[in-house]
Amino acid sequence: FHARLIFVSGLVFGFLFLIVSLIFAASEADIVYPVKELGNCRNETECRTYCDEPQNLGPCLEFAGRYNLMPADELAKAKKFLAAGGKGPGGCTSKEACETFCDDANNINECLAYAEKNYLLSGAELQEAKKVQSALAKGAQLPGGCRNKKECDAYCNAPDHMEECIAFAEAAGFIPPDELEEAKMVLQAVKKGAKPPPCRGKTECDAYCAEPGNFE
C-alpha cells in the first residue's frame, strides 16, 4: 500500500535543538590539550562535559566553528538557540530537555511559535506543522492518543489503524487528494477482506513488493 501518512516534521514533535555536542572528527588532530578556550579541558571527555553546561555554549560554538567540529547547518541552528537567550520552549536549556518538552503534542503551540520565530523550520515543514496545529485546535484527536511523531508513526503503520489515521490526515489537510483517494481505496480493500502484505509503511512495503517472489 501507498498511503503516505505524514504527521508532522520531526523538527516539531521531535524538536531537535542542536545544542553543541563536540564531535572530534576532521580537525581532531589540530586540537591541542588542554584547551584554554574550553575551561582548560584536558581531553575529549572533559571538553564534552564543559560544553554540556548551557552557560558554556558561546565559547563551545566558537571553538566548534573554528575547527569544523559540527556540520554547518547544525552549527547555525545552535547559534540561533544561543541568540534566543539559550532557552527554548518551556524554559528548556538542553537538547534533551527541549526534546522532552516538544515531544509532547500538548506543547505544539509554544514549540511551533519558537521554531517559527527563530527560523528553525523550512517553509514546507512550517506549513505542515501548522496544519497539524490547526487540526488539533479544531478538536481533532491524534490517532490512538499518540503524543509525538514516533508514536504516531508506530500506531499508523498498523493496518488495523488505517481508517483512524486516514481520517486525521484528511482533517489536517496534509495528504494530497490523489494520495488520499489511494489510501481510501486501500482501506476499502482491507475491509473487504484483502490481506495486506506483511510489511508496515510505504517504504517497507515498496521494498517488499519490489521482490519478484512477492509479486503475487
Closest non-hydrogen atoms of N107 and F101, given as atom of the first, atom of the second and distance, are ND2-O, 2.7 Å
Contacts of type side-chain contact (heavy atoms from CB on, under 4.5 Å), residue A97, not counting sequence neighbours: C92, S94
Partner residues of E37 under the side chain to side chain donor-acceptor pair (under 3.5 Å) criterion, sequence neighbours left out: R66
Of all the heavy-atom pairs spanning Y50 and P59, show the shortest one and how long it is. OH-CG, 4.1 Å
L142 to A105 - nearest heavy-atom pair and separation: CD1-CB, 3.5 Å
What are the two closest heavy atoms between C47 and V35, and how far apart are they? SG-CG2, 4.1 Å
Straight-line distance of C102 SG to Y114 OH, nearest 0.5 Å: 9.5 Å
With sequence neighbours excluded, residues passing side-chain contact (heavy atoms from CB on, under 4.5 Å) with E53: Q55, N56
Output for pair (E163 CD, F168 CZ), nearest 0.5 Å, gives 15.5 Å
Would M70 and L61 count as a side chain to side chain contact (heavy atoms under 4.5 Å, CB included) here? Give the steps. CA-CA 9 Å; M70 294 177 70; L61 287 179; 4.2 Å; yes
Pairs under 3.5 angstrom only: tabulate donor-acceptor contacts from the side chains of residues 207-216 to other protein residues two or more places apart or in another chain.
{"from": "N214", "atom 1": "ND2", "to": "Y208", "atom 2": "O", "distance (Å)": "2.8"}

My understanding is that only residues two or more places apart in sequence, or in another chain, count here; which of them pass side chain to side chain donor-acceptor pair (under 3.5 Å) with N109? Q133
For a 4.5 angstrom cut-off between non-hydrogen side-chain atoms, does K150 reach D103? no
Can you list the steps and then say if V186 with I166 is a side chain to side chain contact (heavy atoms under 4.5 Å, CB included)? CA-CA 11 Å; V186 172; I166 289 175; over 6 Å; no
By the ring-ring contact (aromatic ring centres under 6.0 Å, His included) test, which pairs, at least two apart or in different chains, include something from residues 137-157? Y155-H161
Residues two or more places apart in sequence or in another chain: which of them pass side chain to side chain donor-acceptor pair (under 3.5 Å) with D178? none
What distance separates N40 CG from E46 CD, expressed to the nearest 0.5 Å? 9.5 Å
Once rounded to the nearest 0.5 Å, what's the spacing between atom CG of L136 and atom CG of N106? 9.0 Å
Residues in side chain to side chain donor-acceptor pair (under 3.5 Å) with E110, at least two apart? none
Partners of Q188 by side-chain contact (heavy atoms from CB on, under 4.5 Å), sequence neighbours excluded? K191
Residue pairs passing the salt bridge (Lys or Arg N to Asp or Glu O under 4.0 Å) test where at least one lies in residues 114-124, sequence neighbours excluded: E116-K130
Considering non-hydrogen atoms only, spot the tightest contact between L112 and A129 and give its length. CD1-CB, 3.7 Å
Taking all non-hydrogen atoms of both residues, which atom of C41 and which atom of Y33 are closest, and how far apart? O-CD2, 3.7 Å
Could you pull out all residues at least two apart from E164 that satisfy salt bridge (Lys or Arg N to Asp or Glu O under 4.0 Å)? none
Kindly write out the residues that satisfy side-chain contact (heavy atoms from CB on, under 4.5 Å) with E151, not counting sequence neighbours, or none if the list is empty. C146, R147, N148
